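Reading through the structure tokens given below for one structure.
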Protein chains: 2
Amino acid sequence: METEHTSIWLRPARGARGRAPEHTRDGIAAVGVRLADSVGLGAVTMRSVAEALGGGSASLYRYVQSRDELVALMVDQVNGEIDYSVLAGTDWLADLLALGRQSRAVYLRHPWLLATPAATGNLGPRAVDYLEHALGAMQDLELDGHRKLEAVGVFTAVVRLLAGTEIEQRGTGPVDRRRQLAAAAHLAGLVGAGAHPHLAAALATPPAEPDADQVERVLTRVLRGLLGT
Amino acid sequence: METEHTSIWLRPARGARGRAPEHTRDGIAAVGVRLADSVGLGAVTMRSVAEALGGGSASLYRYVQSRDELVALMVDQVNGEIDYSVLAGTDWLADLLALGRQSRAVYLRHPWLLATPAATGNLGPRAVDYLEHALGAMQDLELDGHRKLEAVGVFTAVVRLLAGTEIEQRGTGPVDRRRQLAAAAHLAGLVGAGAHPHLAAALATPPAEPDADQVERVLTRVLRGLLGT
DNA sequence: CTAGAATAGCGAACACTGATCGCAATTATG
DNA sequence: CATAATTGCGATCAGTGTTCGCTATTCTAG
């Protein structure tokens, strides 16, 4: 009977005795990330990852209890791409915006992150680092701890949302174009039918190009409202 | 060669000639929703839904091109649970909060919504209705259309986030409890190690119970920041 | 140094999944 | 009525996550 470790972050990476493992968690995650970046998250199967590692698919289960855990490793890995040395520590808003800017870049580099469950609990070590630095940026604000945690949650949710719409519009593949045209046709039909006047009005003004500046603009307003001042 | 309808919302529900279909889209969606509510989204398979409808799984593909489309039908179906008659139309913030409150209720009734991709484009008719009413609530605000659309996006993202954390903490099953304990142990370990002082500080204050009031509080601040005043 | 125990790698298989094909039954249209 | 379009569906396919049992390796205890 084994001790059941629910989370991969609490389970030791390797056993104390016995043969040494041939791979590391980071190495496995890196392979998964590379695959997802190039062919999509759907192509990240136990077999494909194992083959890229030069082994059998059953061996992967020595490192990971399920495919979901593998994806969790991948998510935490890309969370490690953020550089905290750019944070000046003098202006909380500037630091949070710097974090948001980098976070957006991570999403654009790894669009499959959007297909990943936005977990708030059971964060990996690198996600915890991110949280720590986000809280650090707000250290001079006189707010309750849970209010700050709340703010970080909203912050990351907004970044995720904006990156998502940006990625949707940026898709240049034939499938993406088809989808965009279909959506446009759908909305045009609805607006033309006249049953949705407010939507028609909102769509009348040309939409702003989504970019890093939009992210900063929205984040600034949201954070000011949320944190006061 | 058929005309390829990318979106299910642009495809006619039934052909003009030939035998009449035995089911409706809404009926199929209802079966899926019932299944997902009781056994989870993972239990919504083509076979299980078809069996609940009293037919073969291949027949489902006469209504739906893929499982994802089936899920899209389900999502749009629960979007129909929102009652817009409660909107007074006199105070934009009050109306938006009323929408948020109902939206939260929908999430709590159908937790599997969180496992669903948060699509911004290609909305179903009921999602479009929601959007229309949200925009209607803001009709007296003098803002660009795309700014209002932006606000609705952030709005729904925040509701989704808060409902998600609420559902995570509310889970009472043995598996959920295990997960919660594991997460708590993980954080305790990190805090004890001393490498995350800001996180430790934030966790020192007891977290506020997530509920409908929290949603309104956060939404109010976010919307005030986003829409000005 | 040796015996035993714990661990890693993995071929083969299992249960299931989404999806397709071709045919028979049904129904509106010309 | 004949034709063409459409539906229902049994059978089947390729592919998935995961498990089992075995062998090979490597650390620890004596």
Side-chain angles (χ1 to χ4, degrees), chain A residues 1-6 8 11-28 31-32 35-36 39-74 112 115-117 175, chain B residues 1-6 8 11-25 27-29 31-32 35-36 39-74 112 115-117 175:
Chain A
M1 189 74 186
E2 295 201 15
T3 314
E4 289 208 9
H5 284 111
T6 305
I8 192 177
R11 203 185 320 137
R14 55 161 301 183
R17 298 190 260 291
R19 176 175 165 184
E22 295 184 356
H23 311 283
T24 63
R25 286 180 178 173
D26 278 346
I28 293 173
V31 166
L35 252 145
V39 228
L41 190 59
V44 178
T45 70
M46 292 299 176
R47 285 169 173 78
S48 66
V49 171
E51 192 175 16
L53 286 168
S57 70
S59 310
L60 263 187
Y61 287 89
R62 294 284 170 186
Y63 299 86
V64 143
Q65 279 189 339
S66 68
R67 179 182 183 269
D68 283 352
E69 276 195 0
L70 170 62
V71 174
L73 284 184
M74 293 165 54
W112 49 268
T116 271
V175 187
Chain B
M1 190 77 186
E2 294 202 12
T3 314
E4 289 208 9
H5 284 111
T6 305
I8 191 175
R11 202 185 318 140
R14 55 160 302 182
R17 298 189 260 291
R19 176 172 164 187
E22 295 184 354
H23 311 283
T24 63
R25 287 181 177 174
I28 293 174
V31 165
L35 236 86
V39 230
L41 189 59
V44 178
T45 71
M46 293 295 169
R47 285 168 173 79
S48 66
V49 170
E51 192 176 16
L53 286 168
S57 69
S59 310
L60 263 186
Y61 287 92
R62 293 286 172 191
Y63 300 85
V64 143
Q65 279 189 338
S66 68
R67 179 181 183 270
D68 283 354
E69 276 195 0
L70 170 63
V71 174
L73 285 183
M74 292 165 54
W112 49 267
T116 272
V175 187

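Sequence lines set the chain letters: A, B, ... in the order given, protein chains first and strands last, and positions in each chain run from 1. Owing to the predicted nature of the structure, the values given are computational and were not obtained by experimental measurement.
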Taking atom [atom1] of [X] and atom [atom2] of [Y], what is their separation to the nearest 0.5 Å?
{"X": "B:Leu70", "Y": "B:Met46", "atom1": "CG", "atom2": "CE", "answer": "5.5 Å"}
{"X": "A:Leu60", "Y": "A:Glu69", "atom1": "CG", "atom2": "CD", "answer": "11.5 Å"}
{"X": "B:Tyr63", "Y": "B:Arg11", "atom1": "OH", "atom2": "CZ", "answer": "13.0 Å"}

Taking side chain as C-beta onward, heavy atoms only, is [X] less than 4.5 Å from [Y]?
{"X": "A:Val64", "Y": "A:Leu73", "value": "yes"}
{"X": "A:Met74", "Y": "A:Thr116", "value": "no"}
{"X": "A:His23", "Y": "A:Val31", "value": "no"}
{"X": "A:Ile8", "Y": "A:Arg25", "value": "yes"}
{"X": "A:Thr45", "Y": "A:Arg67", "value": "no"}

Outermost DNA chain D nucleotides near chain A [under 4.0 Å, heavy atoms]: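 So the outermost contacting nucleotides come out as D:dT16 to D:dT28.
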Which nucleotides of nucleotides 12-19 of chain C have their base under 4.0 Å from a protein heavy atom (B), which only their sugar-phosphate (S), and which neither (-), written as one string 5' to 3'? -B---BBB
Base versus backbone protein contacts along nucleotides 24-30 of chain C [heavy-atom cut-off under 4.0 Å; B, S, -]: -BBB---
Is the distance from OP1 or OP2 of C:dA8 to the nearest side-chain N or O of A:Ser59 less than 4.0 Å?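 Answer is no, no contact under 4.0 Å.
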Atom of A:Leu41, atom of A:Ala115 and distance for their closest heavy-atom approach: CD2-CB, 4.1 Å
Heavy-atom closest pair, residues A:Tyr61 and A:Ser66: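 Scanning both residues, the minimum pair turns out to be CE2-CA, 4.3 Å.
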